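The next block holds one structure in the form of structure tokens; read it before the comments.
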Amino acid sequence: MTAATLKRPKATGPDRTVLLVLFFIVTSAFLLLSHNGDMLQQLGALGNALRNPIVEALMVSLFLANILFAYLWRAAPWAKALVGIGSLLFVLPMAGREDTSLLDLSIQIMIFAALALGLNIVVGLAGLLDLGYVAFFAVGAYTWGIVGSPRFAEILKYFGENPGGTNSGTLAIGLVLTAVTAASMVYINRLTARTAPTATTAWSFRLASVGVVAGVILTVRALLVLLAPQADGVAGGLNAGFFWLFLALSIFAAAAVGVLIGLPVLKLKGDYLAIITLGLGEVIRVLANNLDLYSGGSQGITPIKSASVPWFDSLAGALGFSEDQYYLLFLYVLVLIMIGLILTVNIRLDKSRIGRAWIAIRDDEVAAQAMGVPLMQTKLIAFATGASFAGVMGMIFAAKQQFISPESFVLNQSIAILSMVILGGMGSFPGVILGATVVTLLNLRILPGLGEATANLGIPQQVNPGQLQRLIFGAILVTMMLLRPEGLLPNRRRQLELHHEDNQEDESAQGNAGALTNASGDVYSAGLAPVKEDDKAGGSR
């Protein structure tokens, strides 16, 4: 055997490359076929089988597995790029053109993936158990839902009829108060970064934060009163061109709410933090339910506009999409871009100093503080970052649904997003995306499809899978946590933490452990016992 045969080049996985491409072609063909109504009618019995909800859910799941295999398998880079780009930019939109529900499902999966990535920063990296995360989702949704719908004109009319003492002077006071108190908060924050915080600086910071809230309220109220004469001109809401401005504002609004919520509660940790965030999440939902003037109460807000991009609409029309699908295709591409940006930000933060500080706080707060990590500031950054991701996705969700109500932001949504993070693998970005995909498919396709397929089989109502969807979902989660607690695609650090005992070497057989129970033996030291009298203890040489 020569040296040339011993030193072989590293394999690029040609077999897996071919298998990956073949799997992509086959599953793409089945997906396009199963969502084309005209072709299914021509196939007769086979077409009826492909229409079955379980088969349809299976086809969607197998197709989405392409992207997972492209990430996991050692295949040629061109094959991975072909599968990723072909799946997301060609096959899914083309299948969605024939079946709008598939395009809607794809957007929903990516929205929850972005929410899970945001919560992963709070829970997976910083170790802060947040059960009210959906509150930030609601803030983003209502930020655009109020101004992008007829609700905005109703608000302006109300303030036009009830201006009180509000005028341009009130606007000036609000702007000055906001600017002064915000500058004070920045100054106090820098001061406490150089010296140890005192009770005076703590209370000053809290007073300044209250001043910021008061200033914002005065400013917004004054603007609404001054704009009241324009109510008739915005009867259907603001022009759709403002969508891009509010896309940025929804990020800042959710981040600001995250900071305001985090300031009083982030001194707590563990179960106490979970309970108080749960309560604050419910406070946001109850406010949305009771502030009828702004949120429409339990009736919700509708219709909500989406951005209008004429050149994109022309492109969608040239590709064969109908007019009622233009906004869905636009939101699909927008969410895809946002996922890329959010994933990039997550990866950069994870490798930065702030990312290492989050992990240090998660592992041991006392040790992190002893090493100079400012606990409150670092936790607030985590809270605000996760909230900003939820805010922008909430706005896109409102534009997609064209309707929002408080029922869209209940506690179960927060728990569902948390289950996505845990199921996929806390701290693992690809794992979190996979967890969001699996949970969304289970909730929106697989379990409802199972109930629909078994509805006419004569199964008793009490044990019909259609009535036991939550039970089946819970059983899947329990089984997963028992068999693979680290998640589907775990973070390496998290995997070592959960399997720490499995990685420990047992050297008890080589030591002198028998001397502990045998009176005739001598215990020399921990580790390996010396064989001769002159040997060093512990097995050292």
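Every value quoted in this text rests on a predicted model; they were computed, and no experiment measured them. Each residue takes its place number in the sequence, starting with 1. The figures that follow rest on heavy atoms only: side chains count, while hydrogens, waters and symmetry mates do not.
N346 contributes a side-chain N or O that, together with a main-chain N or O of I342, makes up a donor-acceptor pair within less than 3.5 Å. Of the possible donor and acceptor atoms, one in the side chain of R151 sits under 3.5 Å from a partner among the backbone N and O of L293. A donor-acceptor pair is defined here as one N or O able to donate and one able to accept, closer than 3.5 Å; no such pair exists between the side chain of S408 and the backbone of I404. No donor-acceptor distance shorter than 3.5 angstrom exists from the side chain of S306 to the backbone of Y327, with no hydrogens or angles considered. With hydrogens and angles disregarded, a donor-acceptor distance shorter than 3.5 Å links the side chain of W358 to the backbone of T378. Side-chain atoms of Y332 come within 3.5 Å of backbone atoms of L88 as a donor-acceptor pair (strictly under, hydrogens ignored). Looking only at distances, no side-chain donor or acceptor of D104 sits under 3.5 Å from a matching main-chain atom of T100. Judged by distance alone, with hydrogens and angles left aside, the side-chain atoms of S295 form a donor-acceptor pair with the main-chain N or O of A288 at under 3.5 Å. Formation of a donor-acceptor pair under 3.5 Å by the S428 side chain with backbone atoms of L489 is found in this model. Panel note: side chain T277, backbone L131; a donor-acceptor pair is recorded below 3.5 Å.
With values rounded to the nearest 0.5 angstrom, W144 atom CH2 is found 6.0 Å from L238 atom CG. Taking CG from L218 and CG from L171, the interatomic distance works out to 9.5 Å, rounded to the nearest 0.5 Å. From Y272, atom OH reaches atom CG of L129 across 14.0 Å, with rounding to the nearest 0.5 Å. The distance from atom CG of N412 to atom CD1 of I417, rounded to the nearest 0.5 Å, is 11.0 Å. The distance from the CE atom of M420 to the CG atom of L115 is 7.5 Å, given to the nearest 0.5 Å.
Contact record, A253 with T143: CB-OG1, 4.1 Å, taken as the closest heavy-atom pair. Here the closest heavy-atom approach between residue M480 and residue L423 is recorded as CG-CD1, 3.1 Å. Scanning all heavy atoms of the two residues, the minimum distance from G300 to F403 falls at CA-CE1, 3.9 Å. Here the shortest heavy-atom pairing between K400 and I107 reads CD-CG2, 3.3 Å. What you find for P93 and S87 is that their closest heavy atoms are CD-O, 4.4 Å. For the residue pair I146 and Y294, the shortest heavy atom distance occurs at CG1-O, 3.3 Å.
M393 places none of its side-chain heavy atoms less than 4.5 Å from the side chain of F112. Inter-residue side-chain proximity for Y326 and V309 is flagged as unmet; no heavy-atom pair is nearer than 4.5 Å. In this structure, L380 and L266 have side chains that are in contact, with non-hydrogen atoms separated by less than 4.5 Å. Side-chain contact between V123 and Y133 is absent, with no heavy atoms from C-beta onward closer than 4.5 Å. S209 is listed as a side-chain neighbour of M185, based on a closest heavy-atom distance under 4.5 Å.
Taking the six-membered ring for Trp and the full ring otherwise, F409 and F137 have centroids separated by under 6.0 Å.
Just one residue in the list V216, L223, I217 forms a side-chain contact (heavy atoms from CB on, under 4.5 Å) with T219, and that residue is L223.
D271 CG: 12 or fewer foreign heavy atoms inside a 6.0 Å radius. For F242, the CZ atom counts as loosely surrounded, since its 6.0 Å shell holds 12 or fewer non-hydrogen atoms of other residues, nucleotides or ligands.
Checked by atom type, the side-chain pair K305/Q402 shows no donor-acceptor distance below 3.5 Å.
A salt bridge is absent between K157 and E154; no separation between the charged side-chain nitrogens and carboxylate oxygens falls under 4.0 Å.
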